[in-house]
Amino acid sequence: MTDSARIQQLFDLTGRVAIVTGGAGLLGYHHGAILAAAGASVVLLDLAVANPQMRAEQLTKEYGPQCLGLPADITSESSLLEARNAILAKFGRIDILINNAANNPKVEDQRPGQPWSRLENFPLATWNADIAVGLTGAFLCSRIFGQQMVQQNKGVIVNVASDLAVIAPDQRIYRKDGLADDQQPVKPVTYSVVKTALIGLTRYLSTYWTAHNIRVNAISPGGVANNQPDEFTAKLHQLIPMGRMAHKDEYQGAILFLCSDASSYMTGHNLVIDGGRSVL
Ligand SMILES: NC(=O)c1ccc[n+]([C@@H]2O[C@H](COP(=O)([O-])OP(=O)(O)OC[C@H]3O[C@@H](n4cnc5c(N)ncnc54)[C@H](O)[C@@H]3O)[C@@H](O)[C@H]2O)c1
């Protein structure tokens with residue numbers, strides 16, 4: 001085999017079926033795009049309001065493999081069972097799951113006089129909702145789609161954590177001029193809790209299904225540039241040795257690596273991709 005054929009073989013996903021939760025969102029779509037570009041049929045699972053069908057049509061048109069957009073709520077067991085049935089009816093298999101969906105509340109939108117993001121005020125309903133999507137959703141998807149992988153005796157799960165799974169948020173970067181300390185926005189507690197717990201879920205699952213050749217890893221991405229306010233961006237850049245946030249397609253290499261046979265001896269790992277932020 002030539003070197004280029006070997007490289008092609010390591011990263012080739014032709015015939016595999018990959019599910020991306022939150023697949024119609026900013027990063028989920030890009031994760032789906034690299035898997036489709038490598039030959040996988042990609043299923044974008046997302047809330048109906050995010051229009052995963054339209055995004056999946058875009059993938060099919062751009063990359064070739066038949067892709068599917070399925071409206072589903074990952075906090076609902078019945079919604080996920082329906083999604084699994086629809087995927088199996090169309091493709092007959094499930095090879096890859098990327099647990100990517102999460103609530104990402106924008107604390108910069110916090111209104112003056114309503115500092116809901118602060119720990120002292122953090123609503124129980126928001127705590128429950130964030131855990132339900134980011135953690136319970138990942139557990140349910142792993143359980144429901146993972147069992148199909150068990151039947152196939154092979155599979156890959158990637159959990160999307162965050163640099164805030166390995167370091168604490170630096171609340172100074174969220175501060176706004178002119179606000180009293182008890183009115184300042186902060187990164188919500190649920191973000192750190194959900195992302196850290198996903199590393200635990202990754203470790204647990206990675207040894208649970210090894211006999212069935214199911215590999216489970218996590219990625220911990222740093223922040224992605226997405227028109228954040230200049231003041232915030234400047235403060236964050238100071239904390240990152242590479243001096244910038246990520247571009248939205250800069251996690252595609254890691255996603256393809258972890259989902260393909262290029263990482264065939266890797267399981268239980270958390271791949272940190274953060275411009276060096278957590279090294280400091
Ligand atoms: N954007 C960043 O800077 C960044 C950095 C590190 C980690 N991450 C993580 O990457 C992942 C994707 O982030 P993003 O920036 O693309 O966020 P996003 O908000 O654009 O996408 C999240 C998607 O999840 C979907 N979703 C929410 N609740 C759902 C539910 N109950 N069922 C199904 N889908 C649901 C949303 O509709 C949305 O499309 C998240 O886990 C996020 O925490 C993002």
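First listed ligand is number 1; within each ligand, the first listed atom is number 1.
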What is the nearest protein non-hydrogen atom to [atom], stated with its residue, atom name and distance?
| atom | result |
| --- | --- |
| atom 43 (O) of ligand 1 | Y191 OH, 2.7 Å |
| atom 10 (O) of ligand 1 | V160 CG1, 3.4 Å |
| atom 21 (O) of ligand 1 | G25 CA, 3.7 Å |

Any N/O of A24 closer than 3.5 Å to an N/O of ligand 1?
-> no
As an exercise, identify every atom of ligand 1 less than 4.0 angstrom from a heavy atom of [X].
| X | result |
| --- | --- |
| G22 | 23 (C), 24 (O), 25 (C) |
| D73 | 30 (C), 31 (N), 32 (N) |
| G223 | 3 (O) |
| L26 | 15 (O), 16 (O), 20 (O) |
| G222 | 5 (C), 6 (C) |
| A72 | 32 (N), 33 (C) |
| K195 | 40 (C), 41 (O), 42 (C), 43 (O) |

Closest to [atom] among [options] (heavy-atom distance):
| atom | options | value |
| --- | --- | --- |
| atom 25 (C) of ligand 1 | N51, D163, D46 | D46 |
| atom 2 (C) of ligand 1 | V224, L47, N104, D274 | V224 |
| atom 11 (C) of ligand 1 | N100, L45, V49, L27 | N100 |
| atom 28 (N) of ligand 1 | T21, I273, V133 | V133 |

Using distance alone, with no hydrogens and no angle criterion, decide if Q53 and E57 have a side-chain donor and acceptor under 3.5 Å apart.
-> no
Any non-hydrogen atom of Y29 lying under 4.0 Å from ligand 1?
-> no
Is there a heavy atom in S220 that sits closer than 4.0 Å to ligand 1?
-> no
Single hit among N270, N99, N159 for side-chain hydrogen bond (donor to acceptor under 3.5 Å, both in side chains) with T202 =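 Among the candidates, only N159 passes.
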Check A161 against ligand 1 and report side chain, backbone, both or neither, counting heavy atoms closer than 4.0 Å.
->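 Within the 4.0 Å criterion, A161 contacts ligand 1 through backbone atoms alone.
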Pair D170 + R175: basic N to acidic O under 4.0 Å = no
Passes side chain to side chain contact (heavy atoms under 4.5 Å, CB included), N103 versus Y191? Steps please.
-> CA-CA 8 Å; N103 284 349; Y191 201 77; over 6 Å; no
